Amino acid sequence: MNRHTHRLSRVIHEKPFCICQAASVLSIFHNDIIAYVLNLSIVLGQFSVIFNLAYFKNFGYNEIIFKFFMLKELPKIYNPKDVEDSIYKKWEESGFFNPDNLDTKKDAKNYCISMPPPNVTGVLHMGHSAMLAIEDILTRHHRMKGDRTLWLPGTDHAAIATQTKVEKILKEEGINRHELGREKFLERVKKFAQESHDTIEGQIKKMGSSCDWSREAYTLDETRTKAVRSVFKMMYDDGLIYRGDRVVNWCPRCHSTLADDEVEYKEQKTKLYWIKYGPFVLATTRPETKLGDTAVAVHPSDKRYKDMIGKKYNIPGVLGDFEITVVGDRSVDSEFGSGAIKVTPAHSMVDSEIAERHNLPARKIINEDGKMMDNCGKYAGMTTKEARKEIVKDMEKMNLIDRVDEKYDNKLSICYRCDTPIEPLPSLQWFIDVNKKIPSRDNKTIKELSVEAVKSGVFGREKINIYPERFEKNYFHWMNDLKDWCISRQILFGHQIPVWYKDKEDITSVLFLRHGQTDWNVKSIMQGRKETDINETGRKQSEEKIDIVKEFNPDIIISSPLRRTLDSAKIVANDEFKVVTDERIIERSYGEIEGLHVSEIQKKFPEAESFTREGGGTPYLIKAPGVETYRQVFDRIEDFLKDIAKKYKGKRVVVMSHTDPLDMSEAIIEGLPWKDAIGSWHDNGRIAKFLIKNEKDELVCGKDFNNSQNIYVGIDKPKGKRWVQDTDTLDTWFSSGLWTFSTLASSPEQIKIENGKLVIDSDDFRNFHPTNVLETGYDILFFWIARMIIMTTYAIEDIPFQDVYLHGLVLDEKGKKMSKSKGNTIDPLEMIEKYGTDATRLSLVIGSTPGNDTKLSEEKIAGYRNFTNKLWNISRFIIGSRELKEEKLDDKNLTLADKWILGKMKNLIEDIDKDIEEYKFSQAGEKLREFTWNDFADWYLETSKFEENKQEKDIILVMILKDLLKLWHPFIPFVTEEIWGQMNNGDLLMIEKWPDNSFYKDIEGSSDNEFEKVIDIISAIRNARAENKIEPAKKVEAIIYAGKNLDLIKSQKILIKSLKTGIENLEIKKSGKIPEQAIKIVENGAEIYLIGAIDKEKEKKRTMKEIENLEKYIKGIENKLKNKVFAERAPKAVVKTEKDNLKNSEEKLKELKNI
RNA sequence: GGGUCUGUAGCUCAGCUGGUUAGAGCGCUACGUUGACAUCGUAGAGGUCAGCAGUUCGAAUCUGCUCAGACCCACCA
């Protein structure tokens, strides 16, 4: 190519018209060749070729002119929008995000960061951007340093958050999740998660993140699932995971448990009720929980109540008297309120702990919907809020309220996802025991392991460092207070708990269902054995049960022989299951009442007996002429159930029947007298298990699922039929706790359990784990970082990362949290669009310190946009006016300014390296900015316009620019890469080697440089001109009496004259006569006189002020030096510098006064 | 109640283990478009380092207290 270029350029030079004519006549030139010739012609200044080519090839002149400027110069203003996407594409296509493709040395260090996986719930915010910017800086820096560098990206399924989001979307569409059914709903969630993931991935790329997409992970993918299940199994086998019926934080809206730290508190004013409570008066904010009280607790040493401890009292309540025990418990504060508290073990965390200590019974009164349960009489079915209102009303009537504090400060616990008030209630859940000693881990608890990892180090690793260090204290605090971690969630989206249940062999499971509605039902007409058909609604009701039946997977469906039940049974069977009939589950016989409206019964048969439940509702017919009694129904149902328990031993049966028989089956299931079960049937399907005891042949209802089931915990579904997986899912932090190591496996096969320890059998794991640094916001220190340490130290007996770097939160300009509802969000994408990614990154990195919140404003981003443009123009100047050559520098021809900038550069490289290593990104950024703008652009670049050693200047300018681009690259990857490309450097800047400062070190005289003095002198002259209002355009004459700096100043004559000092004639002498009518400046021992155009008054004022300042300063030093103790005790170096300062100042003062 | 942090120029913040005439950016004021850049240049004004006391030859920096603010944890019966 070179040879051709050479020849072509000669032809263009010598015979330009030949080229043009060849082009016109033969038309053989390919467009590419035209462009090439054009380019060459421009460089050679052969404009005739350009214009002729344009003519012959029908290029418009505009296009030619455009091309001309494009080729010769870069655009005046850097436009990030035009280049960022294509640069990212170039990086990505290069493959160098993947460490396997990097040309690293064999003994290169490994460096790895796991990206904190953003939730797949929506879009990127500034917090993510800050995280990505910082991690990208670290990644790019290490990559350029030659490390085998991996930044591993991924996303988090964020169970509750994602499900909540999809529910919201569905709600807007008017769909209910329960209508949709489990499978279809999950499909929707997955679709949403996928879309959301794609959006987020695009946004991560927009930020310029150089992460390795080929290794991307998802907390819910196959490989991560294997890890989750393996660790669950290990923990279960080690007895760390247990299932317990305990009071948990329950969100009635999410219908799920929450971990302790997922509960948030909201300040609110509430009423505090002082209620009369037998012999006590005590305060409560929740009077409705009185229905669940079983005790009163007082402090054991409280004199007022001491004698009452252990006694039982009858307390009057809205549903009649009830009995409580008085217990003494240290948790009670006798100073607060009346010093006595009511204990509701089922609906308060603290109370349940008290109850546990004193073995108190619990009475559950609030259900999973946050509503009062059936045992609450007339309050049943009300929400807690409604019930509170009613109960308070009733208590007032009964004179049970002593007084009410109207505006009591209270903190309401709410769900961190949906702000719904939390309802503590007892529930069967899975927990991780944090205080159990693990024999295979040196008998340590996971708590102890996690504390040790940060305190002193574990498994032969150094301690984990948290930056800023103060968060280590918070960490220990939290870890020491940690309670058992509830890991099961009642939501659909997430890792289903890897536990399978199977009924024991002699168990029969029965699913009870009621037929669909008929018209008679709607009209409240007594409907017994008379054949009627289900209506449209009835059909739908049955169709909704298809999924339930399918999941239950029955061996047979037994239906009452009536048409309405049989039809319903056929619908739910959905052609998949066999349907048979059985006379014993037929509806009650209503005899003469059949076909009557409910209200007509009493009229026609006054002797009829009916029964109404407490709290009201429809009366139930007990006895009437010719009507089958409940007792009779009970008996035939019991007979039926005994029969199928025998006949279908170990099988599953669906029973399709009617209200009254189902009520009786409820009585049998619950072991209640028949009367108590009347009206108890809720038409939502109910599963019961029956066991025939061999010796007595008794029908036993299996309410206790645990004893009736086999349990299996493992990775995969166990072999054999009938195993049903736990429908609960795991807390999302369980899977994210495994993030650092689970992401280093590329397939499920690489994850194994060996000797009670998790093994990741992959090169990535061996190379990159523990990861080097975990970088994230301090707000998830406990949520996530602590859990990663817990899970990793336990599962693989190692630490997840060596360092933790915590950044602050990104707040708005007023210091408020950004939130959509407040409308104060700054959208990163919008800022990128407007100011470019680089500017956005800088605004997040510079001016923020680790662990401290940062205020961000659009102006700040615009400010850094100005900087990227400045860098662009610096480069534009060098590229456009200098020969881009890399040659050896001849030290002999270097000016003072050259050596000065080279010395500065040497220090800069050292500083930046160190700052990044120490996570001082802001400091590094500021130093770079300072050097680039002030030293390099404002001073050095200016000298290059006037100093005459062009050869050396070219070399230095290009060299420094290149190294500067490298230093800047981790911070502002796009603009640096673009400039790098414009300089015709072959490879990507991204993989260039990090600058080596040994070159700069070798330049003699680059340190201890006196150029600063020249800067001072020039600034002083400019200052004097400005102060004296000398117009910039006006030239002045100047004389400098340089004294001992004669040589220095003489050598810098050209700069002193040229750098915006407006000096026409400059005379430099050692000393001389003071000129008339001149401004006098004293700087660095030199006297400078500007002749002509003086405002005497102003000049005098200026001098006086300077003298004044100086005298003050001198006096200060003198006092200090006079002090004997100072001279004695201060280090010699300090004393010496003070003495030097004094001497210099005194000299200057003398000169100033000498006018 | 327990804990952590912050208070430095009008604004946003640097200032590490005590030694600077206390810095930067933005903003402000004045002047300026000579070919890299007005997304720019030159120059300037602006601070009792929250307050008080102590340690020290010397404190923005270390200690104690006070005031103001932020956040985290626990509890609020």
Side-chain angles (χ1 to χ4, degrees), chain A residues 73-74 76-78 260-261 265 272 282-286 289 297 331-333 336-344 348-351 408-411 468 470-471 473-474 477-478 481 778-779 781-782 809 811 813 815 835 839 846-849 851-857 859-860 862-881 918 920 922-923 926 929-930 933-934 937-938 941-942 945 1019 1022-1027 1029-1033 1059-1061 1109-1110 1112-1114 1116-1117 1120 1123-1131 1133-1135 1137-1138 1141 1145:
Chain A
E73 278 186 36
L74 306 173
K76 258 179 134 171
I77 285 172
Y78 170 60
D260 290 344
D261 48 13
Y265 297 92
L272 182 68
L282 41 81
T284 179
T285 52
R286 300 198 57 186
T289 60
S331 69
V332 181
D333 177 6
F336 190 93
S338 61
I341 63 170
K342 63 191 208 60
V343 181
T344 323
S348 153
M349 290 285 187
V350 190
D351 293 4
Y408 177 72
D409 284 316
N410 185 19
K411 270 184 200 164
R470 64 184 147 93
F471 283 99
K473 279 182 223 161
N474 292 5
H477 219 87
W478 185 85
D481 283 351
Y778 67 78
D779 52 331
L781 176 64
F782 306 134
L809 308 179
L811 308 173
E813 52 201 310
Y835 303 106
I846 299 186
S848 71
T849 37
N852 290 335
D853 298 347
T854 337
K855 291 174 194 167
L856 184 68
S857 60
E859 290 83 72
K860 194 172 172 188
Y864 288 110
R865 185 270 320 267
N866 295 356
F867 174 76
T868 56
N869 194 56
K870 183 73 183 181
L871 182 62
W872 177 259
N873 272 294
I874 292 167
S875 313
R876 183 169 171 252
F877 173 67
I878 295 172
I879 295 169
S881 66
E918 292 173 359
K920 294 175 180 169
S922 176
Q923 202 168 303
E926 269 178 80
R929 185 190 186 283
E930 161 87 13
W933 205 319
N934 300 353
D938 289 350
L941 228 50
E942 292 303 316
K945 290 175 186 169
S1019 301
R1022 288 171 179 170
N1023 180 347
R1025 286 184 62 116
E1027 291 276 316
K1029 306 247 183 244
I1030 302 172
E1031 283 169 41
L1059 293 182
K1060 292 190 172 147
T1061 48
N1109 283 341
L1110 210 52
K1112 228 190 265 171
Y1113 178 52
I1114 288 170
I1117 302 179
K1120 206 185 249 181
N1123 190 334
K1124 270 185 202 162
V1125 202
F1126 172 74
E1128 276 167 27
R1129 299 204 188 167
V1134 175
V1135 179
T1137 45
E1138 291 295 350
N1141 285 344
S1145 315

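Note on naming: letters A, B, ... go to the chains in the order of the sequence lines (proteins, then strands), and numbering restarts at 1 for each one. None of these values were measured; they are calculated from a predicted model. Both backbone and side-chain heavy atoms feed into the values below; hydrogens, waters and symmetry mates do not.
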Is the distance from OP1 or OP2 of C13(B) to the nearest side-chain N or O of S848(A) less than 4.0 Å? no

For N869(A) against I77(A), the heavy-atom pair lying closest together: OD1-CA, 3.5 Å

Results of salt bridge (Lys or Arg N to Asp or Glu O under 4.0 Å) for E926(A) - residues two or more places apart only: none

Hey, which of these two, E1031(A) or Y864(A), hits RNA chain B nearer its 5' end, going by closest nucleotide? Y864(A)

With rounding to whole Å, what would you report as the distance between U63(B) and C26(B) at their P atoms? 35 Å

Less than 4.5 Å apart, any side-chain heavy atom of L941(A) and any of I874(A)? yes

In this structure, NZ of K870(A) is separated from CG of D938(A) (nearest 0.5 Å) by 5.5 Å

Between U61(B) and U56(B), how far is it from one P atom to the other, in whole Å? 16 Å

With the criterion being N/O to N/O and under 3.5 Å, what pairs connect the protein with nucleotides 18-22 of chain B, and how long is each?
residue: U21(B); atom: OP1; partner: Y1113(A); partner atom: OH; Å: 2.5

If the condition is ring pair (Phe, Tyr, Trp, His ring centres under 6.0 Å), which residues does F471(A) pass it with, not counting sequence neighbours? Y778(A)

Taking only residues two or more places apart in sequence, or in another chain, which ones meet K1120(A) in a salt bridge (Lys or Arg N to Asp or Glu O under 4.0 Å)? E1138(A)

Among residues at least two apart in sequence or on other chains, which ones pass salt bridge (Lys or Arg N to Asp or Glu O under 4.0 Å) with E1031(A)? none

Using atom P of each nucleotide, how far apart are U29(B) and U34(B) to the nearest Å? 24 Å

Report the residues that fulfil side chain to side chain donor-acceptor pair (under 3.5 Å) with Y78(A), sequence neighbours left out, ordered by chain and then residue number. none

In short, T1137(A) meets V1134(A) closest at the heavy-atom pair OG1-O, 2.8 Å

Mind checking side chain to side chain donor-acceptor pair (under 3.5 Å) for T289(A) and listing every partner two or more places apart, or none if nothing turns up? K342(A)

C1' gap between G46(B) and C5(B), integer Å: 29 Å

Contact summary for T868(A) and A839(A), nearest pair of heavy atoms: CG2-N, 4.2 Å

Any base atoms under 4.0 Å from T1137(A), or only sugar-phosphate, or nothing? Heavy atoms, all strands. nothing

For the P atoms, the ones on U42(B) and on U33(B), what distance do you get once it is rounded to whole angstrom? 15 Å

In whole angstrom, give me the gap between the P atoms of U21(B) and A68(B). 36 Å

Any chance you could list the contact pattern along nucleotides 71-77 of chain B? Use B for base contacts, S for sugar-phosphate-only contacts and - for none, protein heavy atoms under 4.0 Å, 5' to 3'. -S-BBBB

Enumerate all atom pairs, one protein N or O and one N or O from nucleotides 36-39 of chain B, separated by less than 3.5 Å.
residue: A36(B); atom: O3'; partner: R876(A); partner atom: NH1; Å: 3.2
residue: A36(B); atom: O2'; partner: N873(A); partner atom: OD1; Å: 2.6
residue: A36(B); atom: O2'; partner: R876(A); partner atom: NH1; Å: 2.5
residue: A36(B); atom: N7; partner: K945(A); partner atom: NZ; Å: 3.3
residue: A36(B); atom: N6; partner: E942(A); partner atom: OE2; Å: 2.9
residue: A36(B); atom: N3; partner: N873(A); partner atom: O; Å: 3.1
residue: C37(B); atom: O4'; partner: N873(A); partner atom: OD1; Å: 3.0
residue: C37(B); atom: O4'; partner: N873(A); partner atom: ND2; Å: 3.4
residue: C37(B); atom: O2; partner: K870(A); partner atom: NZ; Å: 2.8
residue: C37(B); atom: N3; partner: K870(A); partner atom: NZ; Å: 3.2
residue: U39(B); atom: O4'; partner: N866(A); partner atom: OD1; Å: 3.1
residue: U39(B); atom: O2'; partner: N869(A); partner atom: ND2; Å: 2.8
residue: U39(B); atom: O2; partner: R865(A); partner atom: NE; Å: 3.0

Under the rule for ring pair (Phe, Tyr, Trp, His ring centres under 6.0 Å), what residues qualify as partners of Y864(A), not counting sequence neighbours? none

Pairing residues for R286(A) by the salt bridge (Lys or Arg N to Asp or Glu O under 4.0 Å) criterion, not counting sequence neighbours: E288(A), E423(A)

In terms of the nearest nucleotide of RNA chain B, which residue is placed more toward the 5' end: V1125(A) or K1029(A)? K1029(A)

Between C26(B) atom P and E859(A) atom CD, what is the distance in whole Å? 13 Å

Any chance you could encode RNA chain B as dot-bracket? Rule is Watson-Crick or G-U wobble with both distances under 3.5 Å; [ ] for pairs crossing earlier ones, | for another strand. (((((((..((((.....[...)))).(((((.......))))).....(((((..]....))))))))))))....

Whole-Å gap separating P (A24(B)) and CD (Q923(A)): 16 Å

With rounding to whole Å, what would you report as the distance between G2(B) and C76(B) at their C1' atoms? 14 Å

Within the pair K855(A) and C13(B), is there a side-chain N or O less than 4.0 Å away from OP1 or OP2? yes

With under 30° as parallel and over 60° as perpendicular, where do the rings of W933(A) and F867(A) fit, or are they tilted in between? tilted

How far, in whole Å, is A70(B) from A30(B) if one measures between their P atoms? 38 Å

